[in-house]
Number of protein chains: 2
Amino acid sequence: MADDKRRSILHATLCLLAERGLHGFSMKQLAEKAGVAAGTIYLYFEDKDDLIRKLHEDILSEVARRLFVNYDASLPLFEQYRRMMENLWSFHRDCPEIMLSKAQFDTMPPDLLFGHQGKDPQALLDQRSTLLAVFQPMLDLFASGRELGMIKPLGDEFLCALCIDPLCDLARGHYLGIVCVTNDDLNALIAASWDAISTHP
Amino acid sequence: MADDKRRSILHATLCLLAERGLHGFSMKQLAEKAGVAAGTIYLYFEDKDDLIRKLHEDILSEVARRLFVNYDASLPLFEQYRRMMENLWSFHRDCPEIMLSKAQFDTMPPDLLFGHQGKDPQALLDQRSTLLAVFQPMLDLFASGRELGMIKPLGDEFLCALCIDPLCDLARGHYLGIVCVTNDDLNALIAASWDAISTHP
DNA sequence: TTAAAATGAACGATTGTTCATTTTCTCGGG
DNA sequence: CCCGAGAAAATGAACAATCGTTCATTTTAA
């Protein structure tokens, strides 16, 4: 099967990225880890940059899929929020390679992620907004929360930063053995980040 | 002067790291940007890894220095907190290269940052705690806040993640033109992250 | 038998690093 | 004050290794 090989290359890319980092990543090592010849990679991807970019898109849609797996817009807002955060946590537990790779993507100079030929800043914003579109249910949650006066009148980027960043950071720390996060800790963390984005009676 | 050259190499490393990322960073380019010959770098640093590591230490102590520039333990806790967050923000505004590089350090596989020879996990923890020691005033703030019942009984890593990560992330977004953060936004952000870490009456 | 998929040796470019050579600095005696 | 000998600092051509990529060839599938 053709798509199998494509996926195994992407998966090997993910693992190599997580353990060696974006530097220290080479096509030769990738070929070996994926169990294919060096030339085979170029049957499925234009070049190294294209491969990295495709993996990034793959990761984003996978994160979104897992974030909203039990999404129910009719639930109370905090319950919706709690579910998303728990999904994000268990996703990080299940797929640490994705988490480690995604963190590298998020902090790399942006002209390396998007086609670095286009200096047009508007194109960068467009590309970013389409990438962000997969997180629509969370943006919907924010929007209705603001309308109800339950969530602070801050922009989506602010709210995302306040609730997603800390959890991702601690998930990475937990995986690396730097900090231990118990179930109670996780609940307290979710409550704390809810305090950050919600208004108070 | 000898130390001048060392510093100019470190500074060029910082700039190159911020604009090209850790991959796409080469000693040849560094030599050109620093205005020295390739061999000169090896008079001041063992090798590439040593150079990167030294820059990381440099960055951390510089961040700490700026964070606590107007530190006053006698001030009310929130005022202390507000000052630190504002310092962090203005530091990011003044030195975007440091911010961009630090984010890459924070998300890279840890065995690349520390000497990758020692697989000993205890050594990793030790090294991390000494690196974290430069942030002692912030840890002190947390400790006294917890004692007074003003700050949630969470570990230092949790509190740091809740207040520092969002601000750094948004500072990066602001610098890259992805999101605009006004003065009012900054105040709201500081208040929101304080809500995350503080207890409520 | 033909077409499609996969291979891996080979390519030129670039990598991190070295070291014989050159330049710059230091300083005591004429 | 100048000189030049000796030390220290800086150089950049050259090294082996590895990089990303190609393509003539072989293997697999239809």
Side-chain angles (χ1 to χ4, degrees), chain A residues 1-58 101 104-105 108-109 111-117, chain B residues 1-58 101 104-105 108-109 111-117:
Chain A
M1 167 89 58
D3 208 50
D4 267 9
K5 206 142 263 185
R6 202 190 106 99
R7 292 225 64 81
S8 87
I9 291 174
L10 274 177
H11 184 256
T13 304
L14 175 68
C15 294
L16 206 53
L17 222 59
E19 77 178 65
R20 297 237 188 276
L22 243 168
H23 60 299
F25 171 95
S26 85
M27 302 297 272
K28 288 268 171 65
Q29 288 173 49
L30 171 60
E32 187 186 12
K33 175 152 271 185
V36 301
T40 307
I41 301 170
Y42 293 86
L43 296 178
Y44 297 94
F45 304 94
E46 264 186 40
D47 54 18
K48 189 183 181 183
D49 283 353
D50 181 54
L51 168 67
I52 299 287
R53 216 158 32 235
K54 293 281 170 52
L55 176 68
H56 184 224
E57 295 166 8
D58 225 45
S101 298
Q104 296 182 60
F105 282 125
M108 88 183 0
D111 48 328
L112 298 170
L113 252 191
F114 312 120
H116 15 83
Q117 66 285 2
Chain B
M1 167 89 62
D3 209 48
D4 267 9
K5 206 142 261 181
R6 201 190 108 100
R7 292 225 63 81
S8 87
I9 291 174
L10 275 177
H11 184 255
T13 305
L14 176 67
C15 294
L16 206 53
L17 222 59
E19 76 178 68
R20 298 239 188 276
L22 242 167
H23 63 297
F25 171 96
S26 85
M27 302 296 271
K28 288 268 171 65
Q29 288 174 50
L30 170 61
E32 187 185 10
K33 175 153 271 184
V36 300
T40 307
I41 301 169
Y42 293 86
L43 296 179
Y44 297 93
F45 304 94
E46 267 186 36
D47 54 17
K48 188 182 180 181
D49 283 353
D50 181 54
L51 167 66
I52 298 287
R53 215 157 35 234
K54 293 281 169 54
L55 176 68
H56 184 224
E57 294 166 8
D58 226 45
S101 298
Q104 296 181 59
F105 282 125
M108 89 186 356
D111 49 326
L112 298 171
L113 252 191
F114 311 120
H116 16 84
Q117 67 285 5

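Below, chains carry the letters A, B, ... as their sequence lines are ordered, and counting in each starts from 1. These numbers were taken from a predicted model, which means no experiment stands behind them.
For A/Leu22 and D/dC19, the CG to C1' distance is 15 Å, given to the nearest whole Å. Between the NZ atom of A/Lys28 and the P atom of D/dA17 there is a distance of 14 Å, given to the nearest Å. Here the C1' atom of nucleotide C/dT17 and the CG atom of B/Asp49 are 13 Å apart, to the nearest Å. Taking atom NE2 of B/His23 as the reference point, atom P of D/dT18 lies 21 Å away to the nearest angstrom. The CD1-C1' distance, from B/Ile9 to D/dA10, rounds to 10 Å in whole Å. When the C1' atom of C/dT15 is taken as reference, atom NZ of A/Lys48 falls 12 Å away, rounded to whole Å. Atom-to-atom, CG of A/Leu43 to P of D/dC23 comes out at 13 Å; the value is rounded to the nearest Å. The CZ atom of B/Phe25 sits 15 Å away from the C1' atom of C/dT14 (whole-angstrom rounding).
A/Ile9 is listed as a side-chain neighbour of A/Leu51, based on a closest heavy-atom distance under 4.5 Å.
A side chain to side chain contact (heavy atoms under 4.5 Å, CB included) with A/Met108 holds for exactly one of B/Gln104, B/His23, B/Arg20; it is B/His23.
For D/dT18, the OP1/OP2 oxygens have no side-chain nitrogen or oxygen of A/Gln29 closer than 4.0 Å. Contact between the side-chain N/O atoms of A/Tyr44 and the OP1/OP2 oxygens of C/dA6 is found at a separation under 4.0 Å. Considering only side-chain N and O atoms, B/Ser26 lies under 4.0 angstrom from the phosphate OP1 or OP2 of C/dT15.
The pair A/Arg6-A/Asp58 does not count as a salt bridge, with every side-chain nitrogen at least 4.0 angstrom from each carboxylate oxygen. Between B/Lys54 and B/Glu46 no salt bridge is recorded (no basic side-chain N to carboxylate O distance below 4.0 Å).
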